[in-house]
Each structure stands twice: as C-alpha cells, then as structure tokens.
Number of protein chains: 2
Amino acid sequence: MFDDPRITAVGLLVEAHAGLSARFAAQFEEHGLSPVEFEMLTRLARSPGNQLRMTDLAAQTSLSTSGVTRVVDRMERDGLLRRRACPSDRRSSYAVVTAAGLERLDQTLPGHLRIIEQWFTGQLAPDTLRVLLDGLRQVRDAVHPGATAGSTEPNPAEPTAPPGG
Amino acid sequence: MFDDPRITAVGLLVEAHAGLSARFAAQFEEHGLSPVEFEMLTRLARSPGNQLRMTDLAAQTSLSTSGVTRVVDRMERDGLLRRRACPSDRRSSYAVVTAAGLERLDQTLPGHLRIIEQWFTGQLAPDTLRVLLDGLRQVRDAVHPGATAGSTEPNPAEPTAPPGG
DNA sequence: GAGCAACTATAGCCGCAACAATATTCCCCG
DNA sequence: CGGGGAATATTGTTGCGGCTATAGTTGCTC
C-alpha cells in the first residue's frame with residue numbers, strides 16, 4: 001500500500017522541495033532575511049517602481065493580506081520597506097523597497113543563485129533538467145495555485161488597479 | 001536578473017509543490033485530518049506494529065520532538081493514536097495507531113492516491129514522469145534533508161534503539 | 001446626492017510549531 | 001555501587017500567520 005509509485009512520487013517532490021527550502025533558508029539567514037522576506041523583496045523589486053499595493057503583494061505571495069500587513073510591519077521597522085499612501089485610492093497603500101532593501105537583495109541574490117545551481121539545476125544533466133522543468137510546468141499549470149501563481153510569469157505589471165498619479 | 005532560468009526553475013518546483021499540497025490538504029480535511037496528522041498516520045502505519053517511539057517519529061517527519069508531543073496529544077485526544085510505555089526504556093514511549101486511526105487512514109488513502117493521479121502523475125507522459133522522478137531523486141539525494149529523508153526509503157524498522165521486550 | 005455593496009488595510013484572537021529549559025531515565029566508567 | 005553525561009519526553013515561552021471583525025474609502029445605482 002505504501003510503496004505505491006504515486007506515494008513515492010509525491011515523497012520525492014516533497015523531500016526535494018523541503019531540502020532545497022532548507023538550503024535557501026540557511027543562506028537567507030546569513031543575510032538576515034527569512035524566506036517570506038526574501039519573497040517580498042523579490043516580488044516588489046521586479047514590479048514597476050519597486051512597489052506594490054498590499055493586496056497585490058498578498059495575491060502574488062503565499063501570505064494572506066493580514067500576513068502581508070505584519071511582514072511589512074517588520075520589514076518597515078528594519079528599514080527594508082516603506083509604506084507609501086496611494087494617491088489615487090485612499091484605501092490602498094504601497095509597500096516600496098527602500099535603498100537598503102534593494103541593497104540587501106543584491107547581497108543575497110548571487111548566493112541564492114549559486115545555491116540553486118549547486119543543489120538543483122547543477123545536479124542534473126541538461127536534458128534531464130529540461131524534461132523535469134517541463135513536467136513541473138505541466139503540473140503547476142494543472143493545479144494552478146491561483147494566488148500563488150504568476151511568479152514565473154512575465155510580469156503582471158498592473159494586476160488590478162492602475163498606480164494612477 | 002529575475003528572469004534567470006534558475007529562478008524560474010525554483011519557482012516551478014515551489015508552485016507545483018504548493019499547488020499539490022493545497023489539493024492534498026483539502027482532501028485530508030474532508031476526512032478530518034491535517035497534513036501533519038496524515039503524515040503521522042502513514043509513518044506509523046508503515047512501521048512494524050503500527051508504532052514508533054516519539055523520537056523516531058520526529059526524526060522521520062517534518063516536526064521537532066516537541067511538535068510530535070503536541071500533535072500526538074491532539075491525535076490521542078481524537079482517538080487516532082495511543083501512547084504506550086516502552087517496556088525496555090522507561091524514558092521512551094510509543095505512539096501506536098488505534099483501530100480508529102487505521103480506519104481513518106483507510107478512508108483517506110484512496111482519495112489521496114486519486115488526487116495524486118489526477119493532478120500529478122496523470123498529468124505527464126510516462127517518459128516525462130520517469131525522467132522527472134529520476135531528476136527529483138537526484139536532487140533529493142543531493143540535499144538530503146537528513147531528518148526528513150527516509151520517507152521513500154524501504155523501512156528503517158529499528159532506527160536507533162531495539163524495541164526490546 | 002444618498003444609500004449600499006464591494007474593496008482595502010489593519011487589529012483581535014487563535015492555533016501551530018520551534019527553541020530552550022526541565023525532569024526522568026539510562027548507560028558508561030571508575 | 002555511584003557519579004556524570006547522554007538520551008527522551010514534556011512544558012514554558014515566543015513568534016508567525018490565518019480567520020474574522022472592523023473602520024475607512026470607493027464607486028455604482030437610483
């Protein structure tokens with residue numbers, strides 16, 4: 001029953017993910033970041049103006065809106081982010097990456113890429129990697145986490161509301 | 001910078017994993033189980049005597065020993081598990097799956113396998129799946145989460161101490 | 001323009017899990 | 001046999017994050 005190939009398949013996916021996540025977390029910690037904080041920084045840094053409304057930030061990450069409120073609280077306290085009132089909609093506020101935040105991200109990214117290379121992509125022959133990524137993409141497209149989706153997509157640019165002026 | 005293929009690769013792995021996890025969690029919930037509880041049940045059910053010492057249970061799962069203490073508390077309260085004193089070592093105690101626990105697992109497993117088939121293995125051509133699993137195995141073996149490892153392994157049987165008698 | 005539903009961010013409350021501290025038991029070594 | 005260090009499980013403490021409630025804002029409808 002438990003040696004069903006499907007169980008094995010899920011086990012491999014889960015363990016590979018868990019192992020990589022642990023490596024990532026360790027490297028993030030060297031730079032004083034948690035995984036969520038790194039995620040926030042990357043999401044914001046790839047957005048126009050290095051900013052995103054709280055709601056959109058939540059939609060693009062693994063956190064709820066209240067979760068975003070709190071992680072932004074912490075990162076603002078640490079000087080990595082800054083809240084900015086949205087001029088066109090007084091309900092909204094932007095989270096903006098500060099210079100310190102960008103700098104921190106710049107310090108962190110090279111090591112992150114190196115770790116991916118070392119423990120993931122570099123472990124596989126090019127053909128294997130290609131097929132593996134195709135397969136993951138098919139699965140991803142099928143399950144479509146919805147809110148979590150979009151990370152590998154081009155760039156939503158203006159997800160719901162225009163930044164206005 | 002952010003469209004680096006390595007970033008994309010990790011994104012796919014993370015999103016595929018997140019999407020599948022969400023599907024699993026929803027199905028577990030139909031049977032009144034959380035993902036950790038399901039994990040505990042499967043680990044115990046595949047162990048000799050349907051039991052494992054608290055420490056070994058922690059070593060084989062994603063939880064710390066105190067985490068195991070508490071989830072076993074809850075599951076014992078719900079009648080899925082039972083604590084049993086270890087006769088050969090009075091420091092240790094076993095977590096044993098009850099009949100109700102086994103029954104719950106039997107109710108949950110078919111649907112779980114069906115979901116894996118539906119959203120993961122069944123999404124891929126046999127060749128693709130084979131290569132993908134090989135790749136995941138290579139990555140898994142490389143990162144070797146250590147404690148988390150072993151889920152797809154045969155069976156540790158007696159990880160640290162002999163059950164004795 | 002007034003009313004109302006939807007949207008946005010936040011705060012209260014709760015459960016979960018990791019870390020550290022603690023109590024008990026075991027085993028090695030003399 | 002006795003002492004000390006390791007092992008085992010539990011509990012206290014802490015932080016995180018989801019859900020719900022809430023307050024403020026917007027835009028639609030009449």
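Each chain gets a letter, A, B and so on, in the order its sequence line appears, and its residues count up from 1. What you see is a predicted model; the values in this text were computed from it and never measured.
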* Does the ring centre of A/Phe38 sit less than 6.0 Å away from the ring centre of A/His112? -> yes

* Is the phosphate of C/dT25, meaning OP1 or OP2, less than 4.0 Å from a side-chain N or O of B/Arg90? -> yes

* Structure fact -> Between CZ of B/Arg53 and P of C/dT25 the distance, given in whole Å, is 16 Å

* To do: Give one of base, sugar-phosphate or nothing for A/Thr69, where a contact means two heavy atoms less than 4.0 Å apart.
  => base

Using nucleotides 15-21 of chain D, report all nitrogen or oxygen pairs with the protein that are shorter than 3.5 Å.
unit_1	atom_1	unit_2	atom_2	d
D/dG17	OP2	A/Arg74	NH2	2.7
D/dG18	OP1	A/Ser62	O	3.2
D/dG18	OP2	A/Ser64	N	3.1
D/dG18	OP2	A/Ser64	OG	2.7
D/dG18	O6	A/Arg70	NH1	2.8
D/dC19	N4	A/Ser66	OG	2.8

* Nearest-Å distance, CG (B/Asp73) to P (D/dG12)? -> 12 Å

* Structure fact -> Atom OH of A/Tyr94 and atom C1' of C/dA9 are separated, to the nearest Å, by 14 Å

* Structure fact -> From the candidates D/dT8, D/dG24, C/dA9, the one with an atom nearest any side-chain atom of A/Thr55 is C/dA9

* Main-chain N/O of B/Arg43 paired to B/Gln60 side chain as donor or acceptor, under 3.5 Å -> no

* Counting N and O atoms only, with roles assigned by atom type, does the side chain of A/Thr98 sit under 3.5 Å from a partner on the main chain of A/Leu80, one being a donor and the other an acceptor? -> yes

* Rounded to the Å, how far apart are A/Met54 CE and D/dG24 P? -> 18 Å

* **Check: B/Ser34 main-chain N/O paired with B/Glu29 side-chain donor or acceptor under 3.5 Å** => no

* Asked: Rounded to whole angstroms, how far apart are CD on A/Glu76 and P on C/dA9?
  -> 13 Å

* Could you go through the salt bridge (Lys or Arg N to Asp or Glu O under 4.0 Å) check for A/Arg130 and A/Asp127 one step at a time? => CA-CA 5 Å; A/Arg130 191 158 33 244; A/Asp127 285 350; 2.5 Å; yes

* Could you check B/Glu76 against B/Arg82 for salt bridge (Lys or Arg N to Asp or Glu O under 4.0 Å), going step by step and ending with a plain yes or no? => CA-CA 5 Å; B/Glu76 192 170 27; B/Arg82 185 173 61 84; over 6 Å; no

* Among the candidates D/dT8, D/dT26, D/dT10, find the nucleotide nearest to the side-chain atoms of A/Asp89. => D/dT26

* Atom-pair distance (CZ on B/Arg91; P on D/dG5), nearest Å -> 16 Å

